[in-house]
Amino acid sequence: NLRLREDIYSDIEIRRVKPFTMARYVMISPNPEDDVNAYMDSWARNSGLLTMHPDAKRIGWDFPYVSSELQNRFGLRGYVAAYILPKGFETDCPGVEYEKQQEADYAVITVFDPFQNPFERIPNAYRRIMEYLQANNFREKPQDGILSCFEYVYNKDGVERMDVYVHV
């Protein structure tokens, strides 16, 4: 299932994301994506979320607040994983932080087989969005209650995909 380089990325589109509540957690480690995703999957099972909502969406994004010493000397990076909570879902399962996300518009690109070469394909997706936003005169205005960017990984038609969202 080899894809031509141009077929790695979809066209960019603007999507409105409805408001939601998320349960999130951050980890700083040599492999934070896998570590925090495993933690959040365990939390989602223990909290009953995956029993009641097996199709609950998990999103993630880089956690930029890691000192250069931790990055350079110890090879550590940060990542946040979050489950979008369905309306009415409640649990007393500890271990996460809850946050509300306001409705917002995002530029979205899909990366096909993102983990085939993740340190090239994923940053290139962000680069493509930033070039698109610049070419179309979009300006990001960081706002409280709105994620500046996030990623959503899923499988469709037997192909792993990642949607990259950047707030516009």
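The shortest non-hydrogen separation linking Cys93 to Trp43 is O-NE1, 3.3 Å. Residues Asn37 and Ala81 share a closest heavy-atom pair of OD1-CB, 3.4 Å.
Put simply, the side chain of Met40 reaches to within 4.5 Å of the side chain of Val96, judged on heavy atoms. Within the 4.5 Å cutoff, no side-chain heavy atoms of Glu97 are placed close to those of Val26. Considering only heavy atoms from C-beta on, Leu49 comes within 4.5 Å of Pro86 through its side chain. Within the 4.5 Å cutoff, side-chain heavy atoms of Leu76 are placed close to those of Pro30. For the pair Tyr106/Ile146, a side-chain contact is recorded, criterion being any heavy-atom separation below 4.5 Å from C-beta on. Looking at heavy atoms from C-beta onward, Glu160 lies in side-chain contact with Val153 at the 4.5 angstrom threshold. Residues Met162 and Phe115 are in side-chain contact: their nearest non-hydrogen atoms beyond the backbone lie under 4.5 Å apart.
Considering CD of Gln71 and CZ of Arg73, their distance stands at 14.5 Å, rounded to 0.5 Å. If you take CG on Asn46 and OG1 on Thr91, they are separated by 9.0 Å, rounding to the nearest 0.5 Å. Taking CG of Leu70 as the reference point, atom OG of Ser29 lies at 11.5 Å (rounded to 0.5 Å). In this structure, NZ on Lys87 lies 7.0 Å from OG1 on Thr21, to the nearest 0.5 angstrom. Distance check, rounded to the nearest 0.5 Å: CD1 of Ile84 to NE2 of His53 gives 13.0 Å. Here the CZ-CD distance, from Arg24 to Gln101, works out to 10.0 Å after rounding to the nearest 0.5 Å.
Remark: side-chain polar atoms of Gln102 are paired, donor with acceptor, to backbone N or O of Asp144 under 3.5 angstrom. The closest donor-acceptor contact from the side chain of Arg161 to the backbone of Lys156 lies under 3.5 Å. Checking side-chain atoms of Tyr9 against main-chain N and O of Arg121 turns up a donor-acceptor pair under 3.5 Å.
Both Val36 and Tyr83 are assigned to one and the same hydrophobic cluster, defined by single-linkage of ILVMFWY side chains at heavy-atom distances under 4.5 Å. Connection of Val164 to Ile12 is established within a shared hydrophobic cluster, with ILVMFWY side chains joined at heavy-atom distances below 4.5 Å, either directly or through further cluster members. Cluster membership for Leu133 and Tyr126, using ILVMFWY side-chain heavy atoms within less than 4.5 angstrom, is shared. Transitive grouping of hydrophobic side chains (ILVMFWY, heavy atoms separated by less than 4.5 Å) brings Leu50 and Tyr25 into a common cluster. Leu85 and Val17 end up in different hydrophobic clusters when Ile, Leu, Val, Met, Phe, Trp and Tyr side chains are linked at under 4.5 Å.
Checked against a 6.0 Å centroid threshold, the rings of Tyr152 and Tyr154 count as neighbours.
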Exercise. Stepwise, does the side-chain contact (heavy atoms from CB on, under 4.5 Å) test hold for Ile14 with Tyr132?
Worked result: CA-CA 11 Å; Ile14 303 298; Tyr132 170 88; 4.1 Å; yes
Problem set entry | Residue pair Gln116, Ile8: steps toward the side-chain contact (heavy atoms from CB on, under 4.5 Å) verdict | CA-CA 10 Å; Gln116 193 169 314; Ile8 294 171; over 6 Å; no
Problem set entry | Trace of the side-chain contact (heavy atoms from CB on, under 4.5 Å) decision for Ile28 with Phe63 | CA-CA 8 Å; Ile28 297 169; Phe63 183 75; 4.1 Å; yes
Exercise. Stepwise, does the side chain to side chain donor-acceptor pair (under 3.5 Å) test hold for Asn31 with Tyr79?
Worked result: CA-CA 9 Å; Asn31 189 3; Tyr79 199 77; over 6 Å; no
For this session: Output, in order, the C-alpha distance, side-chain angles, deciding distance and verdict of side-chain contact (heavy atoms from CB on, under 4.5 Å) for Ser47 and Phe89.
Result: CA-CA 10 Å; Ser47 69; Phe89 175 78; 3.8 Å; yes
For this session: May I have the step-by-step check of side chain to side chain donor-acceptor pair (under 3.5 Å) for Asn124 and Arg127, ending in yes or no?
Result: CA-CA 5 Å; Asn124 279 341; Arg127 185 180 49 74; 3.3 Å; yes
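Taking the six-membered ring where the residue is Trp, Tyr165 and Phe150 present parallel rings, their angle staying beneath 30° rather than reaching 60°.
Of the options Met22, Glu99, His167, a side-chain contact (heavy atoms from CB on, under 4.5 Å) to Leu147 is made by Met22 and by none of the others.
Counted within 6.0 Å of CG on Asn72, heavy atoms from surrounding residues, nucleotides or ligands total more than 12; the atom is thus considered enclosed. The number of heavy atoms from other shown groups lying within 6.0 Å of OH (Tyr98) is above 12.
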